[in-house]
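Report on one structure; see the data block that follows.
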Protein chains: 2
Amino acid sequence: MPAINPNISVDCVIFGYDFKDLNVLLVERTLLSEKGDLIFTDHTLLGNHIYEEEDIDEAAMRILKELTGFENIFLEQFHTFAHPKRLENEKDRQWLRSIGFDPDNRVITVGYYSLLNCKEVTLHAGNRRVCWVPVNIVGDLAFDHNLILAKAYEDLKLKVMLGPIAYQFLPRKFTLSQLQKLYEVIFNIRFDKRNFRKKVARMKYLVPLNEKQKGVAHKPAQLYMFSREVFEMTKKGVFEFTI
Amino acid sequence: MPAINPNISVDCVIFGYDFKDLNVLLVERTLLSEKGDLIFTDHTLLGNHIYEEEDIDEAAMRILKELTGFENIFLEQFHTFAHPKRLENEKDRQWLRSIGFDPDNRVITVGYYSLLNCKEVTLHAGNRRVCWVPVNIVGDLAFDHNLILAKAYEDLKLKVMLGPIAYQFLPRKFTLSQLQKLYEVIFNIRFDKRNFRKKVARMKYLVPLNEKQKGVAHKPAQLYMFSREVFEMTKKGVFEFTI
DNA sequence: CCAAAAGTGTTGACGCTACACCCATGG
DNA sequence: CCATGGGTGTAGCGTCAACACTTTTGG
């Protein structure tokens, strides 16, 4: 049993897209009194302390693998949070004591985010209760997790503009309408359909497949996939990108 | 005397522009034998452990203030480095022992970078020897500092593209040729003078002053300043920017 | 045949690239 | 008067935003 490092944790902001909203995975936190009465319940991000011989990237990967079963999930470190009073809230202190942590022990946390499609993953949460919540209706979270989430979302928007990572939110085969909707949801703006499709047509790494949607009650859409190979071959610079 | 946290440090990648090169500030590290013979000498970034009651942003600010005397230097956290073997190199272990640190103690470091004009700052290095070295001729640094520097430089280029931070490298009043040269040095590319100036003309927050260069042996150049106020009033979105 | 989403072109404004010469000053 | 950098305009091309109708399918 490897030793855990009591001063460093990793928090994973797990973004999930369900073709409708951009969600974040939250873990329910409940504090019960000795008699078993509910004292409070709220939510946290998915996080954990790291092991002593473990890199933080590995720790974040491990947490994600435990949750999803997948090894190769997109993962990005975005910021480190170390305010000395980030655990000062009385609810947080109570809760830390209840699980055997010293609330006066300073913990700094490294924030990661990852992207996945809600429909394509089955969550193995163990005995924790987890849920997907649309990012724009998330309420008050534990600790400084609202701050962490906000910063993650900012960085996500930036990185989605700068490189082809949004495909992590979609299944391998997707329609242009799904792609457009995804960008609209992430950035909370609307695109013109014709202009969007003209732009896609210029991106040679978005390749149309010999396959159409099936079983939909309207004209079936062309399916596309993202080719990382073509992307790597044809990319010029950072500013080549942007949807 | 506040207690230091032995597990967390801050490394500052201090970029300095001297109107010619983009430099990074390095600190000389020398290890002497008991007899006083030189065992080795090389360079590190400027870094330090944090205090127990101190935020990491504050710690980085403090280090910078000690060095420059200024309070309000541009400072950006860019990445955290926590590989368990980042201090495994034998030279680094020797050196840590020589200054009374346990090389087996795990230290994670949070990377910051800051931007300043070499000519406008006087360095208070204490008993350390520091020097400006052009980023593209930096040799082998101590610890994982080459990695930290590379990552800082990447992030710098990104953030310079995304917002008006390059002005931190220049004095308050500067010429367009100085600005152009700065961008050319940072990105290692060349711009066309006329096109560059047309672009600047569209940026209303680059304001021409009623003042020209003096004492130069050629046609004196118009001086400009960057107006943060105008920038804030007129900015649209992230993609509004880019030189 | 109806509902629902897929798919498609043109125009005007603007930003981008490429390119060469005269100007003002100090020495 | 010369060396040095400062300063300027145009043309062609590509990308951008704005805008409305027809097509294909399942029910």
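In what follows, chains are A, B, ... by sequence order, proteins preceding strands, each numbered from 1. On a predicted model such as this, the values are computed, not experimentally measured, just so you know.
- Here C:dA5 presents its P atom at 15 Å from CZ of A:Phe19, a figure rounded to the nearest Å.
- Distance NE2 (B:His218) to C1' (D:dG5): 5 Å, rounded to an integer number of Å.
- A side-chain donor from one of A:His79 and B:Gln77 sits under 3.5 Å from a side-chain acceptor of the other.
- In this structure, the nucleotide among D:dC16, C:dA18, D:dA17 sitting nearest to the side chain of A:Lys199 is D:dC16.
- Atom pair B:Gln178:CD and D:dT4:P shows a separation of 19 Å (rounding to whole Å applied).
- With C:dC19, D:dG26, C:dT25 as the choices, the nucleotide that has an atom nearest any side-chain atom of A:Ala217 turns out to be D:dG26.
- The distance between atom CD of B:Gln222 and atom P of C:dA24, rounded to the nearest whole Å, is 14 Å.
- D:dG6 atom C1' lies 16 Å from atom NZ of B:Lys181, rounded to whole Å.
- Taking the side chain of A:Pro220 as heavy atoms from C-beta on, and the options D:dT25, C:dT17, D:dG7, the nearest nucleotide is D:dT25.
- Ranking C:dA6, C:dC19, C:dT25 by closeness to the A:Lys219 side chain, first place goes to C:dA6.
- Across all strands, A:Arg202 comes closer than 4.0 Å only to sugar-phosphate atoms, never to a base (heavy-atom distances).
- OP1 and OP2 of C:dA5 both lie 4.0 Å or more from every side-chain N or O belonging to A:Ser177.
- Residue-to-nucleotide contacts include no donor-acceptor pair under 3.5 Å from the side chain of A:Arg194 to the base of D:dA17.
- Both B:Lys214 and B:Asp192 lie close to DNA chain C; mapped to their nearest nucleotides by heavy-atom distance, the more 5′-ward contact belongs to B:Asp192.
- Side-chain to base pairing of B:Lys193 with D:dG7: one donor and one acceptor N or O lie within less than 3.5 Å of each other.
- Protein atom CD of A:Glu211 is 17 Å distant from nucleotide atom C1' of C:dA6, rounded to whole Å.
- Residue-level contact check: A:Gln213 touches neither bases nor backbone, having no heavy atom under 4.0 Å from any strand.
- Put simply, CD on A:Gln180 is 14 Å from C1' on D:dA17, counting in whole angstrom units.
- Stacking of B:Arg29 on the aromatic ring of B:Phe143 is recorded, both the 6.0 Å distance cut-off and the 45° axial limit being met.
- Nearest heavy atom pair, residue A:Gln180 against residue A:Lys193, reads OE1-CA, 3.7 Å.
- No side-chain N or O of B:Thr41 forms a donor-acceptor pair with one of B:Thr30 less than 3.5 Å apart.
- Atoms CG (A:Leu176) and C1' (C:dT8) sit 13 Å apart, rounded to a whole Å.
- B:Tyr113 pairs with exactly one of B:Tyr153, B:Phe78, B:Phe169 by the ring-ring contact (aromatic ring centres under 6.0 Å, His included) rule, that one being B:Phe78.
- Comparing C:dA18, D:dA18, C:dT8 by their closest approach to the side chain of B:Lys198 singles out C:dA18.
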